[in-house]
**Student:** 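This is the structure I have questions about; it appears just below.
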Amino acid sequence: MKNYKMIIEYNGTTFKGWQKQGNTDNTLQGKLEKVLSEITGETVEIHGAGRTDAGVHAKGQVANFHLQEEKDCGVLKARLNEVLPKTVSVKVLEETEPRFHARLNAKSKTYTYRLWDGEDKAIFCEPFVWQCRGVTGEIDVDILNRNLQQFVGEHDFKEFSRYKGNKSTVRTVFEAKAKRDGNLITVIFTGNGFLYNQIRMMVGFALTGEKYTAPAKGLMLERVEY
């Protein structure tokens with residue numbers, strides 16, 4: 001049995017998130033498993049590094065899957081990109097060590113959240129930014145950075161998540177900072193893992209001082225480190 005690693009880029013606007021669900025086939029995991037199973041003739045289960053929510057995007061989602069029969073990675077990658085929706089692209093596909101697991105072996109994940117506080121609409125950025133001026137007004141990035149610092153370190157983020165399970169809600173945030181480029185503000189988070197809605201709730205709180213969940217479309221999984 002061979003283990004394969006992928007790096008995937010996607011526009012999550014029309015998807016119901018990464019994780020497959022019983023009530024819809026419109027998830028990234030579900031689409032990839034279906035297409036891979038059809039191409040290879042095997043039943044394929046994919047493990048993703050980050051379970052991005054509905055409407056969230058990725059430039060560097062990592063996933064792995066096993067196949068009984070060895071495949072040519074170049075041919076398989078080309079076939080996947082031919083069949084998958086235009087909003088999904090497999091950037092890398094390679095054989096990896098047998099015990100590699102995209103989620104369990106991840107050491108850190110970096111997400112960005114993009115905001116636009118201009119008076120004019122960001123027409124060409126629209127699918128990937130929260131145009132937030134009506135909620136926040138013009139953003140003071142210095143204040144935003146001070147507010148973000150409270151999240152750095154190891155904390156119990158239960159109050160900044162919609163996670164309903166029984167597992168630990170303690171996570172470590174290595175970095176949380178914001179930078180401005182004109183009317184575009186990019187907030188960068190790196191941590192050992194993030195809970196359901198955690199980043200969107202941290203952004204909302206840092207901006208408004210309230211438990212406000214920022215919209216999904218501004219969030220991007222940038223990279224995963226191993």
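Because the structure is a prediction, the values reported are computed rather than measured.
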**Student:** Between Y10 and F15, is the gap from one ring center to the other below 6.0 Å?
**Tutor:** no
**Student:** Do the charged groups of E95 and K2 touch, with an N to O distance under 4.0 Å?
**Tutor:** yes
**Student:** Mind checking whether F65 and Y4 have ring centres under 6.0 Å apart?
**Tutor:** yes
**Student:** Verify whether the ring centers belonging to F160 and F151 lie closer than 6.0 Å.
**Tutor:** yes
**Student:** Hey, is the main chain of V129 close enough, under 3.5 Å, to the side chain of R114 for a donor-acceptor pair?
**Tutor:** no
**Student:** How about D72: does its CG atom have over 12 heavy atoms from other parts shown lying under 6.0 Å from it?
**Tutor:** yes
**Student:** Under 3.5 Å, is there a donor-acceptor pair between the side chain of Q198 and the main chain of L195?
**Tutor:** yes
**Student:** Check for a donor-acceptor pair, side chain of Q150 on one end and backbone N or O of N147 on the other, with a separation under 3.5 Å.
**Tutor:** yes
**Student:** Please say which of T110, V203, V152 ends up in a side chain to side chain contact (heavy atoms under 4.5 Å, CB included) with F189.
**Tutor:** V203
**Student:** Between I8, V88, V90, which is the residue that forms a side chain to side chain contact (heavy atoms under 4.5 Å, CB included) with L80?
**Tutor:** V90
**Student:** Given the side-chain rings of Y212 and W130, with only the six-membered ring counted for Trp, is the space between their centroids under 6.0 Å?
**Tutor:** yes
**Student:** Rounded to the nearest 0.5 Å, how far does CD of E222 lie from CD of Q61?
**Tutor:** 12.5 Å
**Student:** Measure from NZ or CZ of K158 to the centre of the six-membered ring of Y163 and say whether it is under 6.0 Å with the direction within 45° of the ring axis.
**Tutor:** no
**Student:** In terms of heavy-atom contacts, does NZ of K34 have more than 12 from other residues, nucleotides or ligands at under 6.0 Å?
**Tutor:** no
**Student:** Taking T96's backbone N and O only, do any of them form a donor-acceptor pair with N3's side chain (distance below 3.5 Å, no angle check)?
**Tutor:** no
**Student:** Sub-3.5 Å donor-acceptor pair from the side chain of H155 to the main-chain atoms of F157, do we have one?
**Tutor:** no
**Student:** Got more than 12 heavy atoms from elsewhere within 6.0 Å of CZ, R133?
**Tutor:** yes
**Student:** Using the rule side-chain hydrogen bond (donor to acceptor under 3.5 Å, both in side chains), only one of D117, D142, D140 pairs with R180; which is it?
**Tutor:** D117
**Student:** Ignoring hydrogens and angles, state whether a donor on the side chain of T24 or N26 is under 3.5 Å from an acceptor on the partner side chain.
**Tutor:** no
**Student:** With hydrophobic residues grouped by side-chain heavy-atom distances under 4.5 Å, do L115 and V135 end up in a single group?
**Tutor:** yes
**Student:** Would the distance check show the side chain of Q29 and the main-chain N or O of K20 forming a donor-acceptor pair, the cut-off being under 3.5 Å?
**Tutor:** yes
**Student:** Just checking, any donor-acceptor pair under 3.5 angstrom between side chains of T213 and N197?
**Tutor:** no
